[in-house]
Student: 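Next up is a structure, given as structure tokens.
In listed order, ligands and their atoms are each counted from 1. These numbers come from the heavy atoms of this one structure, side chains and all, not from hydrogens, waters or symmetry mates.
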Amino acid sequence: MKIGVVGLGFVGLSLTSVLSSKGYDVVGIDIDKEKCKKIITGISPFFEPELEKGLKKGLKKKLKISDNFSLINSCDFIFVTVGTPQNMNGSIDLSIIKKAISTIGQSLKKNKKKPIIFVKSTVIPGTMKKIILPILEKKSNKKAGKDFGLISNPEFLQESSAIRDTKFPHVVVLGDYQTKFMKKAKIFFMKLHPNVPIIITNHETAEMIKYANNSFLATKISFINQLSNICQKIPGANIDDIAKTIGLDPRIGKLFLDAGPGYGGSCLPKDMKALINFANISGINTTLLNAVEEVNTKQLEQIISLTKQKLGNLASKKITILGTAFKPDTDDIRDSIAIELIKKLLKMKAKIIIHDPKAIENTKKVFGDKINYAKTVRDALSKSQCVIIMTQWKQYKKLNNNEFKYMEKKIVIDCRRMLIEKQLDVDYLAIGLGKE
Ligand code: UGA
């Protein structure tokens, strides 16, 4: 059996790496020639733990990487993993997936096989039936369910644990009618992920499950962030003890209750906006989802207000930002709250120096020489008047008085409560911690 993966971003390349390292005959396809050239040498275009290891293993086996879409003609399964970014008004931008689907449709025309096309890209409910299926049928002159299979297969992997999540997903969702294609898909996933629940449903429900998942995660984060703001007003209150305790209630669950600067990344903010936009167009008032977004936006203001509380006017103040990646173990800064924070601080004419173990190069692409970049945390802190910890990189947990010693003013704003247990000779403020 041959597998094609169209779109080599986080989802596509992780899938390619995992399947090919297991020995599946895989062809990874991307329109970006330069990206393909890099991947062929076993190098990932972005940092993701364990990804390159699997990629190199796959390349030694049967893996092929190409920008030539006609290679999907020989595939039995085609996974579509291209991006679905957002338009200016928050709605979903389907132009990339439409183009990819068109090309797949054209190649289906001459194809003697009856492949199954799995759509992993996040798309708003109705997209499969109203947009993707008609394009495929028109371009191929063939019928879905008869000449080829079309299955919604949303993805739940997280960046920074993408390989583990691809190998061991918590669920597999397959959306389509009960056809021979669905039977074949089910057998494939049962073999690939034994003991993992497989949910078979229709396209619309599968599409909505993805939004339900991400919007619920965003809701949990905004909930704990709002509570953390209340805690800051209660002397001695600690949000982590509260999160840990309520998380023991099986009805709540312990994950995604880490208070911080708000959710960022390429998925939660975008998917929240797309869902709100879709719901509003459908005539649904999204009171709760709007509030989740509002809390998230205001969290950034909280950080600025804490900084002003300590430094007064921020013009010319030297501020260090630790971590610009939207979370640890990635170099991804898309929709990172730290990037938003730097933009706001620059507007207030603060002088910014940053440190990040992996995301410096990406950060340079945004700010160029408007800010300074430090190779070590110590350099980043030297003569600084305030440090804001934004990303919970493990190495920041080790910070101690030695590192803070050369700061001009020893003000630490810890958005992730990483140093809460340390005896530090600094003026320490943390999100979710009530000052005694
Ligand atoms: C998210 C979902 O978690 C995945 O299940 C989903 O597949 C993916 O989007 C997607 O749609 O592709 P990801 O964007 O990799 O994954 O990042 P998360 O781990 O969800 O983190 C998102 C943001 O929330 C980060 O800024 C993180 O720092 C923040 N966060 C997360 C918190 O502030 N507190 C928490 O307790 C958890």
Student: Could you check whether Lys273 pairs with Glu293 (Lys NZ or Arg NE/NH1/NH2 to Asp/Glu carboxylate O, under 4.0 Å)?
Tutor: yes
Student: Applying a heavy-atom cut-off of 4.0 Å, say which part of Lys327 lies close to ligand 1: side chain, backbone, both or neither.
Tutor: side chain
Student: Keeping the roles fixed (side chain from Lys397, backbone from Met418), state whether a donor-acceptor pair exists under 3.5 Å.
Tutor: yes
Student: So that I can tick it off, tell me whether Glu50 and Lys167 are bridged by a salt bridge, with the cut-off set at under 4.0 angstrom between side-chain N and carboxylate O.
Tutor: no
Student: Give the atom numbers and elements of ligand 1 that come within less than 4.0 Å of a heavy atom of Asp271.
Tutor: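 This gives 11 (O) as the contact atoms.
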Student: Considering only the protein, which heavy-atom contact is closest to atom 16 (O) of ligand 1, and what is its distance?
Tutor: Gln158 CG, 3.8 Å
Student: Between Phe188 and Tyr24, does the ring centre distance come in under 6.0 Å?
Tutor: yes
Student: Side chain or backbone, does Thr122 bring an N or O within less than 3.5 Å of an N or O on ligand 1?
Tutor: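 No, since none of the N or O atoms of Thr122 sits under 3.5 Å from an N or O of ligand 1.
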Student: Provide, to 0.1 Å, the distance between atom 15 (O) of ligand 1 and the closest protein heavy atom, together with that atom's residue and name.
Tutor: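 For this ligand atom, the closest protein heavy atom is Glu159 N, 2.7 Å.
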Student: For atom 12 (O) of ligand 1, what's the nearest protein heavy-atom neighbour? Residue, atom name and distance, please.
Tutor: Cys267 SG, 2.9 Å
Student: Can Asp427 and Lys310 be counted as an ion pair, charged N to O under 4.0 angstrom?
Tutor: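 The answer is yes: the pair qualifies as a salt bridge.
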Student: Look only at interatomic distance and state if Leu157 has a nitrogen or oxygen under 3.5 Å from any nitrogen or oxygen of ligand 1.
Tutor: yes
Student: Can you tell me if Gly260 has a non-hydrogen atom under 4.0 Å from ligand 1?
Tutor: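 It does not, in that no heavy atom of Gly260 comes within the 4.0 Å cut-off of ligand 1.
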Student: Is the shortest side-chain N to carboxylate O distance from Lys298 to Glu301 below 4.0 Å?
Tutor: no
Student: What is the closest protein heavy atom to atom 26 (O) of ligand 1, and at what distance does it sit?
Tutor: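 Result for atom 26 (O) of ligand 1: Gly264 N, 2.9 Å.
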Student: Counting heavy atoms only, which part of Asn213 comes closer than 4.0 Å to ligand 1: side chain, backbone, both or neither?
Tutor: neither
Student: At the 4.0 Å heavy-atom cut-off, does Leu217 count as touching ligand 1?
Tutor: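 Per 4.0 Å heavy-atom rule, Leu217 contacts ligand 1.
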Student: Counting both backbone and side chain atoms, is some N or O of Gln392 under 3.5 Å from an N or O of ligand 1?
Tutor: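 No.
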Student: Can you say whether the rings of Phe77 and Phe79 are parallel (under 30°), tilted (30 to 60°) or perpendicular (over 60°)?
Tutor: perpendicular
Student: Do the side chains of Ile209 and Phe156 get nearer than 4.5 Å, heavy atoms only?
Tutor: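 Heavy-atom side-chain distance check passes, below 4.5 Å.
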Student: Before giving the answer on ring pair (Phe, Tyr, Trp, His ring centres under 6.0 Å), spell out for Tyr428 and Phe404 the whole-Å C-alpha distance, their side-chain angles and the decisive distance to 0.1 Å.
Tutor: CA-CA 12 Å; Tyr428 183 78; Phe404 296 114; 8.8 Å; no
Student: Suppose we measure from atom 34 (N) of ligand 1 to each protein heavy atom; which comes out shortest, and what is that distance?
Tutor: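 Of the protein heavy atoms, Asp258 O, 2.8 Å lies nearest.
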Student: Checking a contact table here: which protein heavy atom is nearest atom 30 (N) of ligand 1, and how many Å away?
Tutor: Ile221 CD1, 3.5 Å
Student: Between Leu268 and ligand 1, which residue portion shows a heavy-atom distance shorter than 4.0 Å: side chain, backbone, both, or neither?
Tutor: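 Only the side chain of Leu268 comes within reach of ligand 1.
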Student: Check each of Asn296, Asn214, Leu257, Asp165 against atom 2 (C) of ligand 1 and report the one with the nearest heavy atom.
Tutor: Asn214
Student: Look at atom 20 (O) of ligand 1 and find which of Tyr263, Phe256, Phe326, Phe156 reaches it with the closest heavy atom.
Tutor: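 The nearest heavy atom belongs to Phe256.
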Student: Between Thr81, Asp30, Ile72, Val27, which is the residue that forms a side chain to side chain contact (heavy atoms under 4.5 Å, CB included) with Val6?
Tutor: Ile72
Student: My understanding is that only one of Val295, Asp335, Asn214, Val292 makes a side chain to side chain contact (heavy atoms under 4.5 Å, CB included) with Tyr263; could you say which?
Tutor: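 Exactly one pass, corresponding to Val292.
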Student: Between Arg416 and ligand 1, which residue portion shows a heavy-atom distance shorter than 4.0 Å: side chain, backbone, both, or neither?
Tutor: side chain
Student: Taking distance alone, with N or O pairs closer than 3.5 Å, would you say Lys210 contacts ligand 1?
Tutor: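 Yes - when backbone and side-chain N and O of Lys210 are compared with those of ligand 1, one distance drops under 3.5 Å.
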Student: Do Glu204 and Lys129 meet the salt-bridge criterion of a basic N to acidic O distance under 4.0 Å?
Tutor: yes
